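See below for the structure under consideration.
The shown structure was predicted, so the numbers you read here are calculated from the model rather than taken from an experiment.
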Amino acid sequence: MSHAVVRTALERALEEMGAPSTEVHLERPRDPAHGDVATNVAMTLASILRKPPREIAEELVRRISEGEPGIERVEVAGPGFLNFHLSTDRVTAGLREVLELDESFGKGTAGEGRPVVVEFVSANPTGPLHLGHGRQAALGDTISALLEWNGWEAYREFYYNDAGRQIELLARSVQARYLEHFGRDASVPEDGYHGVFVIELARAFAETAGDRYLEDSPEGLAEMRRFAVDRIRKEQDRDLSDFGVHFDEYYLETSLYDEGRVDRTIERLRETGLVYEHEGALWLRTTEYGDQKDRVMVKSDGSPTYFLPDVAYHLTKWERGFQDAINVQGADHHGTVDRVRAGLRALGLPAGYPEYVLHQMVTVEREGKEVKFSKRAGSYITLRELVEEVGADVTRYFFLMRKPEAHLVFDLDMALDQSDKNPVYKVQYAHARICSIFRKAGLDWEDVDPEAADLTLLETEQERELAKKLTEFPELIARAGAHRAPHLVCEYLEQTAGQVNSWYHAGNPTRNPQLAVLVDDTELRRARLALASAIRVVLRNGLRLLGLNAPVRMEKESD
RNA sequence: GCGCCCGUAGCUCAGCUGGAUAGAGCAUCGGCCUUCUAAGCCGAGGGUCCCAGGUUCGAGUCCUGGCGGGCGCGCCA
């Protein structure tokens with residue numbers, strides 16, 4: 001790539017000067033006037049060489065500017081920066097690579113094909129998914145995609161807590177509504193589930209089971225539990241599927257008990273010598289590994305706490321061959337991180353396993369005020385309600401556009417706006433506009449032969465900047481993947497779309513026919529079509545990575 | 001009280017391994033409509049980067065101490 005030219009030139013010049021070998025840091029200057037590539041080596045070497053940075057910089061310039069191919073000129077600027085201006089062919093040559101690689105442009109190999117399990121959503125089957133789950137679904141799915149783009153083998157996993165007390169409460173809640181359905185006196189437990197969906201569940205259950213469970217019985221409750229969990233799981237699956245999220249595996253907590261993994265985990269922990277009894281309960285000395293306090297594994301009544309199956313579950317990840325595991329969870333669960341890791345370390349797993357991406361909560365605002373309405377769940381807005389109102393693409397993008405650890409304000413007014421003010425539409429429009437140029441020209445993008453185009457004709461500043469932006473895409477994907485940061489992709493797409501839209505509009509034939517893609521000059525037209533085609537590739541790849549559509553044309557929704 | 005996260009323009013937020021004059025969108029203001037689609041375009045104003053120290057050629061970024069907000073600190077899940 002273009003940076004390589006500069007790097008080799010710099011390294012050679014430094015060697016000639018007898019400078020100690022250092023990491024040469026190259027960066028893309030924000031201001032185009034500062035050239036295409038810049039470096040601060042002269043400044044970092046100043047103290048080592050005991051020379052003023054500008055003096056070092058000037059010597060480097062003397063050694064480099066002597067006819068280095070691809071480098072048009074080098075300048076010293078500011079306190080000692082070196083600014084490289086590349087020749088246009090060096091800047092635009094990258095476009096050929098974009099077109100050749102097409103759907104795989106942006107892919108990297110950092111993961112070397114290694115497997116990584118990404119756990120996310122992991123909602124209890126006790127009600128409809130809320131917005132926190134939605135954010136998590138978008139994050140987990142996209143982080144998985146980012147890892148795949150960087151050469152990992154991502155495995156999307158959903159852990160079902162189908163064994164605990166919450167399930168019992170759900171069953172009790174359904175039972176109460178069931179009795180009410182038949183006109184009996186009953187009330188939902190105080191800490192039970194009060195949403196409308198419980199009434200729906202009870203009614204549906206009454207329709208299939210009839211009135212034969214009006215007497216309180218273990219069998220009846222078990223039937224209701226099974227029925228409710230099954231229904232809710234199906235509903236959650238449908239909501240996630242409509243949101244474009246699919247899992248490779250649903251791991252059931254009950255299976256940990258059924259397969260004896262929980263008991264085996266206790267045994268293995270006992271062998272570490274970190275287990276002790278206190279006031280009738282069984283504890284693990286997690287403080288040994290940095291936890292705030294020791295944790296109870298088995299309560300004095302003989303039942304395990306949540307901690308134990310959690311450790312057993314994460315142990316299976318390691319045993320299933322995942323040396324890398326990422327958990328996407330709400331930040332309200334961060335208290336469990338240290339203890340789970342401590343439990344795993346006691347069993348010999350490495351520190352820091354698994355890795356966590358903790359995200360903050362979501363609030364929805366309309367006209368600057370928070371809205372909390374919900375028809376079905378009562379106290380919270382469901383994912384489905386939001387998706388039905390603004391669409392899956394907009395919902396996904398909005399959940400991804402902020403870094404996970406920051407609180408997210410979902411602006412409904414902006415989400416419902418179908419103009420370029422809405423970042424999602426802005427990016428999709430940019431893509432559709434480029435596609436429309438090809439329609440207008442009566443061409444398919446496949447018809448564009450990058451080899452036949454003279455890309456040095458793309459010499460306006462706007463086109464050079466655009467070409468640079470497009471060729472930065474792979475680097476961006478690498479960084480976003482390494483940081484587990486989908487929001488960087490959103491930011492990149494929005495910036496790129498802005499540049500694209502402005503390039504497109506500048507070439508409006510009624511205003512500046514000479515700047516239009518479809519100019520009369522055949523050679524220039526060919527070059528611009530190649531650029532347009534490269535734009536299409538990058539925008540589409542970015543949108544797909546985020547799990548959004550890349551529409552060829554935009555249909556206005558009239559309502 | 002202890003731990004984690006956040007604090008950047010009126011609002012919502014970016015800001016890479018510490019770099020040049022701190023950026024974007026929304027909102028506001030000014031100018032543009034017979035289109036490679038004006039649900040748009042061009043331009044402008046707007047800043048104590050929470051505060052105080054420190055590290056160094058250089059700090060929004062790193063360190064220490066405060067302040068403000070969120071979350072977590074059960075033999076709950």
Side-chain angles (χ1 to χ4, degrees), chain A residues 23 25 27-31 33-34 38-40 43-44 46-47 52-53 77-81 83 124 126 161 163-167 169 191 278-283 292-293 295-307 310 330-338 358-361 365 368 401-411 413-414 417-423 425-426 429 432-434 436-441 475-476 479-480 482-483 485 487-488 490-492 494-495 498 501-502 504-511 513 515-519 528 532 553-554 556-557:
Chain A
E23 181 70 18
H25 172 64
E27 61 182 39
R28 156 95 191 270
R30 268 193 293 269
D31 185 348
H34 294 152
T39 183
N40 62 349
M43 281 135 81
T44 54
S47 56
F81 285 100
N83 291 338
N124 292 341
T126 52
N161 300 129
R165 193 179 110 82
Q166 295 307 315
I167 303 290
L169 272 175
D191 46 358
H278 177 66
E279 293 178 355
L282 201 61
W283 296 67
Q292 296 265 105
K293 50 170 82 165
R295 304 295 169 180
V296 172
M297 302 191 298
V298 182
K299 296 183 252 180
S300 50
D301 68 1
S303 63
T305 61
Y306 201 72
F307 168 55
D310 241 20
D332 53 338
H333 289 95
H334 77 248
T336 64
V337 171
D338 283 345
L358 300 175
H359 67 87
Q360 287 292 341
M361 295 299 126
E365 285 187 6
M401 69 201 269
R402 305 300 177 211
K403 62 180 162 196
E405 61 271 29
H407 175 83
L408 178 79
V409 176
F410 196 108
D411 183 342
D413 301 305
M414 190 182 284
D417 192 309
Q418 290 187 35
S419 77
D420 279 15
K421 286 177 196 164
N422 181 334
Y425 284 89
K426 177 175 174 175
Y429 266 113
R433 283 182 178 123
I434 293 302
S436 85
I437 293 175
F438 286 89
R439 271 199 304 279
K440 180 86 178 179
E475 198 182 307
L476 167 91
R479 189 154 49 91
H483 289 82
H487 74 282
L488 296 177
C490 295
E491 196 196 350
Y492 171 86
E494 202 179 334
Q495 285 169 5
N501 287 332
S502 147
Y504 171 89
H505 288 292
N508 184 324
T510 58
R511 204 175 308 157
L515 290 179
V517 173
L518 303 177
V519 280
R528 285 187 179 154
R553 56 159 48 105
M554 299 296 280
K556 185 176 183 181
E557 253 181 57

Is the aromatic ring of His34(A) within stacking range of rA20(B), meaning centres under 5.5 angstrom and planes under 30 degrees? yes
Quick test of the criterion, 5.5 Å between centres and less than 30° between planes. Is Phe81(A) stacked on rA20(B) or not? yes
When you compare [N] with [M], how far apart are their [atom1] atoms, in angstrom units rounded to a whole number?
N       : M       : atom1 : value
rC4(B)  : rC49(B) : P     : 26 Å
rG58(B) : rA20(B) : P     : 14 Å
rC73(B) : rU56(B) : C1'   : 39 Å

Base rC75(B) to side chain Thr305(A), donor-acceptor N/O within 3.5 Å cut-off: no
Donor-acceptor pair (no angle test) under 3.5 Å: Asn40(A) side chain, rG19(B) base: yes
[X] near the nucleic acid: base, sugar-phosphate alone, or nothing, with a heavy-atom cut-off under 4.0 Å?
X         : result
Asn124(A) : sugar-phosphate
Val409(A) : sugar-phosphate
Ser502(A) : sugar-phosphate

For the side chain of Gln292(A), counting heavy atoms from C-beta on, which of rC75(B), rA14(B), rC2(B) is nearest? rC2(B)
With respect to the side chain of Glu405(A), which nucleotide from rG3(B), rC16(B), rC5(B) is positioned closest? rC5(B)
I want to check one thing: is the phosphate of [N], taken as OP1 and OP2, less than 4.0 Å away from some side-chain N or O of [X]?
X         : N       : value
Lys299(A) : rC76(B) : yes
Lys421(A) : rG40(B) : no
Lys403(A) : rC5(B)  : no
Lys293(A) : rG74(B) : yes

Report the base-pairing partner of rC73(B) (Watson-Crick or G-U wobble, both distances below 3.5 angstrom), or none. rG1(B)
